[in-house]
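Below is one structure, written out as structure tokens; comments come after it.
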Amino acid sequence: MPGPPTSWTDDLSEGASSEFRADDDAEHAPEELARVMAGLSRHFYRARDAADACDRILEACTALVEGCTHATLTLTSRGKVTTPACTGPGARTVDDLQRELGEGPCLQAIRADRNVVSADLGHDERWPRFGPAAARRGIGSVVASRLFTDERTTGALNVFGAAGAFDTAAQDRIAVLAAHAAVAIDAVRARENLQEAVRSRQVIGEAIGILRKRYGITSEQAFDRLTRASQHLNIKLRAIAEHLTRDQVSPPAGGTGAAAGC
């Protein structure tokens with residue numbers, strides 16, 4: 001009987017990707033790399049949520065990039081830079097250090113250069129504080145590749161290793177992974193935003209229905225009450241609606257108290 005279908009990780013473990021890793025078989029490297037990347041695209045797309053997508057991306061990075069000892073995903077949201085996924089505590093420490101010092105390859109990839117490479121962090125003059133500190137922690141080299149779609153930057157894929165760990169082929173592979181990762185993360189975020197919007201619309205609709213039934217008012221009047229309550233209390237409209245539908249609160253038609261902001 002045939003076994004279960006294999007994933008791209010099964011192919012890697014069985015050596016199917018060895019062709020594009022071998023310098024003496026470079027003729028077949030582009031085709032093999034394209035095949036693996038196509039499998040990765042489908043693998044990333046099946047992510048349940050943003051956290052799962054990040055884990056899948058780092059799993060692929062450690063499997064595909066020779067010399068990778070640590071990897072992180074640095075993401076931006078509302079002006080803040082965070083590390084939602086890493087391969088271990090050591091990797092997170094390196095990212096935290098960059099934010100603490102305000103310098104480093106990951107931040108530079110996000111803010112300035114799309115691809116930042118350092119083969120010897122301990123002596124890299126671009127980051128006089130971060131570089132030596134990273135080297136003392138056993139991190140000798142890094143490739144940081146920006147995650148972006150169109151002109152919107154979502155973060156960076158950061159791959160760490162020993163000094164001189166990443167040749168040109170490895171750097172190219174990281175850049176390709178980053179491109180796939182950016183699209184995957186953007187797609188997952190879009191799905192999550194859409195799902196959140198649908199849930200918000202449903203609960204707001206339920207709240208409008210409660211107000212219409214209780215006060216004999218129109219949908220527009222009910223929505224206006226919810227909006228005024230949200231503004232008066234400085235609480236999101238969805239939170240007001242959830243409170244109303246959960247507790248069946250009866251905001252008065254034109255009061256001024258906390259519950260009467262409706």
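Values below: all heavy atoms of this structure, side chains included; hydrogens, waters and symmetry mates excluded.
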Can you tell me how far apart CH2 (Trp127) and CG (Leu97) are? Round to the nearest 0.5 Å. 12.5 Å
If Ile, Leu, Val, Met, Phe, Trp and Tyr residues are connected whenever their side-chain heavy atoms lie under 4.5 Å apart, and connections chain through other members, are Ile240 and Val203 in the same group? yes
Decide whether Phe166 and Phe160 are clustered together by the hydrophobic rule: side chain heavy atoms of Ile, Leu, Val, Met, Phe, Trp, Tyr closer than 4.5 Å, transitively. no
Flag the pair Leu73 / Leu157 as yes when at least one side-chain heavy-atom distance between them is below 4.5 Å, and no otherwise. yes
What heavy-atom pair brings Arg146 and Ala109 nearest, and what distance separates the two atoms? NE-O, 2.8 Å
Which pairs with one or both residues in residues 132-143 pass side chain to side chain donor-acceptor pair (under 3.5 Å), sequence neighbours excluded? none
Side chain to side chain, Arg152 and Asp186, heavy atoms closer than 4.5 Å: yes
Using modelled atom types only, decide if a donor and an acceptor are shared between the side chain of Thr227 and the backbone of Phe223 within a distance under 3.5 Å. yes
So how far is it from Ile208 CD1 to Thr218 OG1, rounded to the nearest 0.5 Å? 9.5 Å
Side-chain contact test, heavy atoms from C-beta onward, threshold under 4.5 Å: evaluate it for Asp224 versus Glu220 and give yes or no. no
Hey, are the side chains of Cys61 and Val159 touching, using non-hydrogen atoms and a 4.5 Å cut-off? yes
Are any of the side-chain heavy atoms of Val116 and Arg126 separated by less than 4.5 Å? yes
Which atom names give the shortest non-hydrogen contact between Ala175 and Asn115, and what distance separates them? CB-OD1, 4.0 Å
Minimal heavy-atom distance between Thr82 and Pro84, with the atoms involved, is O-CD, 3.4 Å
Is it possible for you to say whether Val142 and Ile174 belong to one hydrophobic cluster, with membership spreading through side-chain heavy-atom contacts below 4.5 Å? no
For residues Arg92 and Thr72, is any side-chain donor paired with an opposing acceptor at under 3.5 Å? no
Ala181 and Leu147 have their tightest heavy-atom pair at CB-CD2, 4.0 Å
Give, for atom CD of Gln231 and atom CG of Asn234, the distance between the pair rounded to the nearest 0.5 Å. 10.0 Å
Give the cluster check for Val143 versus Leu75: same hydrophobic cluster or not, with ILVMFWY residues linked at side-chain heavy-atom distances below 4.5 Å. yes
What closest approach, in Å, do Phe44 and Ala60 show between heavy atoms, and which atom pair accounts for it? CZ-CB, 4.0 Å
Under 4.5 Å between any side-chain heavy atoms of Gln221 and Tyr215, yes or no? no
Check whether any side-chain N or O of Gln108 sits under 3.5 Å from a backbone N or O of Asp113 as a donor-acceptor pair, and report yes or no. no
Rounded to the nearest 0.5 angstrom, the CG-OG1 distance for Asp95 and Thr74 is 3.5 Å
By side chain to side chain donor-acceptor pair (under 3.5 Å), Arg201 pairs with (sequence neighbours left out) none
Hydrophobic clusters here meaning ILVMFWY residues chained together by side-chain heavy-atom distances under 4.5 Å, can you tell me if Leu211 and Leu233 are in one? yes
Looking at every heavy atom in both Ala239 and Ile235, which two are closest together, and how far apart are they? CB-CG2, 3.4 Å
Applying salt bridge (Lys or Arg N to Asp or Glu O under 4.0 Å), name anything that partners Arg42, two or more places apart in sequence or on another chain. none
Please determine whether side-chain contact (heavy atoms from CB on, under 4.5 Å) holds for the pair Ile217 and Arg225, giving the CA-CA distance in whole Å, both sets of side-chain angles, and the decisive distance to 0.1 Å. CA-CA 10 Å; Ile217 58 179; Arg225 289 192 181 191; 3.9 Å; yes
Does Ile57 reach the side chain of Ile185, with side-chain heavy atoms less than 4.5 Å apart? yes
Set of side chain to side chain contact (heavy atoms under 4.5 Å, CB included) partners for Thr69, sequence neighbours left out: none
Partners meeting salt bridge (Lys or Arg N to Asp or Glu O under 4.0 Å) with Asp52 (sequence neighbours left out): Arg48, Arg56
His70 versus Cys86: any side-chain heavy-atom pair under 4.5 Å? no
So how far is it from Ile210 CD1 to Leu226 CG, rounded to the nearest 0.5 Å? 9.5 Å
I'd like a table of donor-acceptor pairs (distance under 3.5 Å, sequence neighbours excluded) in which one partner is a side-chain atom from residues 99-106, with atom names and distances.
{"unit_1": "Arg99", "atom_1": "NH1", "unit_2": "Thr83", "atom_2": "OG1", "d": "2.8"}
{"unit_1": "Arg99", "atom_1": "NH2", "unit_2": "Thr83", "atom_2": "OG1", "d": "3.2"}
{"unit_1": "Arg99", "atom_1": "NH2", "unit_2": "Asp96", "atom_2": "OD1", "d": "2.6"}
{"unit_1": "Glu103", "atom_1": "OE2", "unit_2": "Arg129", "atom_2": "N", "d": "2.8"}
{"unit_1": "Glu103", "atom_1": "OE2", "unit_2": "Phe130", "atom_2": "N", "d": "2.7"}

